[in-house]
K.L.:
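Mind looking over this structure? Questions follow.
Remember, it's a predicted structure, so these values are computed and weren't measured experimentally. The chains referred to below are lettered A, B, ... by the order of the sequence lines, with proteins before strands, and numbering in each begins at 1.
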Number of protein chains: 2
Amino acid sequence: MTSTQESAEDRHLPYDVFAKACPSRGTLEHVTGRWGGLTLGALSEGSLRFNELRRRVDGVSEKMLSQTLHALERDGLVLREAQPTNPPRVDYELTPLGHEVAQRLLALIRVLEGGMDDVLAARERYDETRGAR
Amino acid sequence: MTSTQESAEDRHLPYDVFAKACPSRGTLEHVTGRWGGLTLGALSEGSLRFNELRRRVDGVSEKMLSQTLHALERDGLVLREAQPTNPPRVDYELTPLGHEVAQRLLALIRVLEGGMDDVLAARERYDETRGAR
DNA sequence: CTGTATCCGATCGGATACTG
DNA sequence: CAGTATCCGATCGGATACAG
């Protein structure tokens, strides 16, 4: 097999995200889903409470944040710590693996933010050529 | 603003993915969308034709691959080169920015693949505690 | 081979209301 | 404060058929 995909099999790992049935795909989707990446990014510098997170991740609804946090918690990327106080206080923080993931995610985001001028220029060219389609 | 988000504003960039209206969010979603990341990853080692890509990105449909490629091309991450031959031959390859993005993406994927044993264990614990729920 | 067009069910995700 | 429950429109995305 003349591999050009220096991925899982070349590194002798049991998981290959390029394979349809691999469980790593599900986690990748949680991490890179609409709110997953921003949530992990927001938690990368320390724990935050539910509504702090909501404000930080601009635009997320309660429902989606709750859903996102559950998925990340289940995957072992986020830790949920509920204080038995009144009013309730719940802190969310990254696990070690969550931190690693968040670091990579933030590196990606930085590249994207840094390249947005190129992206915007490319879009204009594309829309011109294809005449707004 | 006591920033704990060492992101765009701290680096004096005009784009901040955490802001709802920032155009970088759209690009992040193209890149991290269901097929965007896998497509960029598949192209990271060289150009591929349409159906080569389809086989590489296991599970993607024609429609979704086409849509994904258009979005990535418009954002200036992928270059489309159509040969005027018969039968038609179209090569897709990464732009320089596309390569940078793909590198970050692959780094993320590697962390995820490498951490899947932890992830799977965390899931079992979660599902036990919360009783399948 | 490289796509586009259409149909249509599944899922996403926002708004709102409500609970502890 | 920290969520859950429900409604419901928008979008996603697969299957299929068709086109250059």
Side-chain angles (χ1 to χ4, degrees), chain A residues 19-21 25-39 42-43 47-74 78-93 126 129-133, chain B residues 19-21 25-39 42-43 47-74 78-93 126 129-133:
Chain A
K20 181 160 63 173
R25 256 220 208 161
T27 302
L28 178 64
E29 278 166 25
H30 295 154
V31 167
T32 63
R34 181 151 185 200
W35 302 112
L38 294 176
T39 301
L43 287 172
S47 70
L48 290 173
R49 304 173 61 174
F50 188 80
N51 280 327
E52 286 175 332
L53 261 174
R54 265 199 81 187
R55 282 186 290 275
R56 190 81 59 157
V57 182
D58 192 16
V60 70
S61 67
E62 291 185 356
K63 175 186 169 182
M64 283 296 98
L65 181 55
S66 175
Q67 206 169 103
T68 299
L69 285 169
H70 280 312
L72 296 177
E73 185 194 355
R74 190 171 103 98
V78 162
L79 214 63
R80 191 192 118 112
E81 288 175 299
Q83 317 293 339
T85 60
N86 189 305
R89 176 192 180 98
V90 180
D91 288 286
Y92 292 93
E93 64 178 332
Y126 183 95
T129 307
R130 305 233 156 175
R133 115 134 353 228
Chain B
K20 181 159 63 173
R25 252 214 212 167
T27 301
L28 179 64
E29 277 165 27
H30 295 156
V31 167
T32 64
R34 179 147 185 204
W35 303 112
L38 295 176
T39 301
L43 287 172
S47 70
L48 290 173
R49 302 173 62 175
F50 188 79
N51 279 329
E52 287 176 331
L53 261 174
R54 264 199 82 188
R55 282 185 292 273
R56 189 82 59 156
V57 182
D58 192 16
V60 70
S61 68
E62 290 185 355
K63 177 186 168 183
M64 282 296 93
L65 181 56
S66 174
Q67 205 170 101
T68 300
L69 285 168
H70 280 312
L72 295 177
E73 186 195 355
R74 190 170 102 98
V78 163
L79 215 61
R80 191 192 116 112
E81 288 174 299
Q83 316 294 339
T85 61
N86 188 305
R89 176 194 179 95
V90 181
D91 288 286
Y92 292 94
E93 63 178 333
Y126 183 94
T129 307
R130 304 230 158 178
R133 197 299 140 191

K.L.:
Can you see which heavy atom on A/Ala42 is nearest to which on A/Arg56, and at what distance?
P.N.:
CB-CG, 3.6 Å
K.L.:
Of the nucleotides C/dC1, C/dG3, D/dA2, which has the atom closest to the B/Val90 side chain?
P.N.:
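Taking heavy atoms from C-beta onward, the closest nucleotide is C/dG3.
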K.L.:
For A/Arg80, which contact category applies under a 4.0 Å heavy-atom criterion: base, sugar-phosphate, or nothing?
P.N.:
sugar-phosphate
K.L.:
Does OP1 or OP2 of D/dA2 have a side-chain N or O of A/Ser66 closer than 4.0 Å?
P.N.:
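No.
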K.L.:
Starting at atom CG of A/Leu48, determine the distance to atom C1' of D/dC1, rounded to an integer number of angstrom.
P.N.:
15 Å
K.L.:
Taking atom C1' of D/dA2 as reference, at what distance in whole Å does atom CZ of A/Arg89 sit?
P.N.:
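About 12 Å, once rounded to whole Å.
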K.L.:
Please report, rounded to the nearest Å, how far the C1' atom of C/dT2 is from the CD atom of B/Glu73.
P.N.:
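Between C1' of C/dT2 and CD of B/Glu73: 14 Å.
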K.L.:
Start at the 5' end of DNA chain C and walk down; is the nucleotide closest to B/Arg55 or to B/His70 reached first?
P.N.:
B/Arg55
K.L.:
For A/Leu69 and D/dA2, what is the distance between atoms CG and C1' respectively, to the nearest whole Å?
P.N.:
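Answer to the nearest Å: 11 Å.
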K.L.:
Check whether A/Glu52 reaches the backbone of A/Arg49 with its side chain - one donor and one acceptor, N or O, closer than 3.5 Å.
P.N.:
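Yes, A/Glu52 side chain to A/Arg49 backbone: donor-acceptor pair under 3.5 Å.
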K.L.:
Using side-chain contact (heavy atoms from CB on, under 4.5 Å) as the criterion, point out the one residue from B/Leu65, B/Leu72, B/Val57, B/Leu69 that pairs with B/Trp35.
P.N.:
B/Val57
K.L.:
Donor-acceptor pair, A/Thr32 side chain versus A/Leu28 backbone, under 3.5 Å?
P.N.:
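Yes; judged by distance alone, with no hydrogens or angles, the pair exists.
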K.L.:
For B/Leu38 and B/Asp58: C-alpha separation, side-chain torsions, deciding distance, then whether side chain to side chain contact (heavy atoms under 4.5 Å, CB included) applies.
P.N.:
CA-CA 9 Å; B/Leu38 295 176; B/Asp58 192 16; over 6 Å; no
K.L.:
Could you give the CG-to-P distance, from B/Asp91 to C/dT2, as a whole number of Å?
P.N.:
9 Å
K.L.:
Is there a side-chain polar atom (N or O) of A/Tyr92 under 4.0 Å from OP1 or OP2 of D/dC1?
P.N.:
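Checking A/Tyr92 against D/dC1: no side-chain N or O falls below 4.0 Å of OP1 or OP2.
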K.L.:
Side chain to side chain contact (heavy atoms under 4.5 Å, CB included) between B/Arg34 and B/Met64: does it pass, once the steps are laid out?
P.N.:
CA-CA 9 Å; B/Arg34 179 147 185 204; B/Met64 282 296 93; over 6 Å; no
K.L.:
Calculate the interatomic distance between B/Asn86 atom CG and C/dC1 atom C1'; express it in whole Å.
P.N.:
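Atom-to-atom, B/Asn86 to C/dC1, this comes out as 9 Å.
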K.L.:
Enumerate, atom names and distances included, each donor-acceptor pair closer than 3.5 Å involving a side-chain atom of residues 78-93 of chain A, sequence neighbours excluded.
P.N.:
from    : atom 1 : to      : atom 2 : distance (Å)
A/Thr85 : OG1    : A/Pro87 : O      : 3.0
A/Arg89 : NE     : A/Asp91 : OD2    : 3.1

K.L.:
Base, backbone or nothing for each nucleotide of nucleotides 7-19 of chain C, written B, S, -, heavy atoms under 4.0 angstrom, 5' to 3'?
P.N.:
B-----BBB-B--
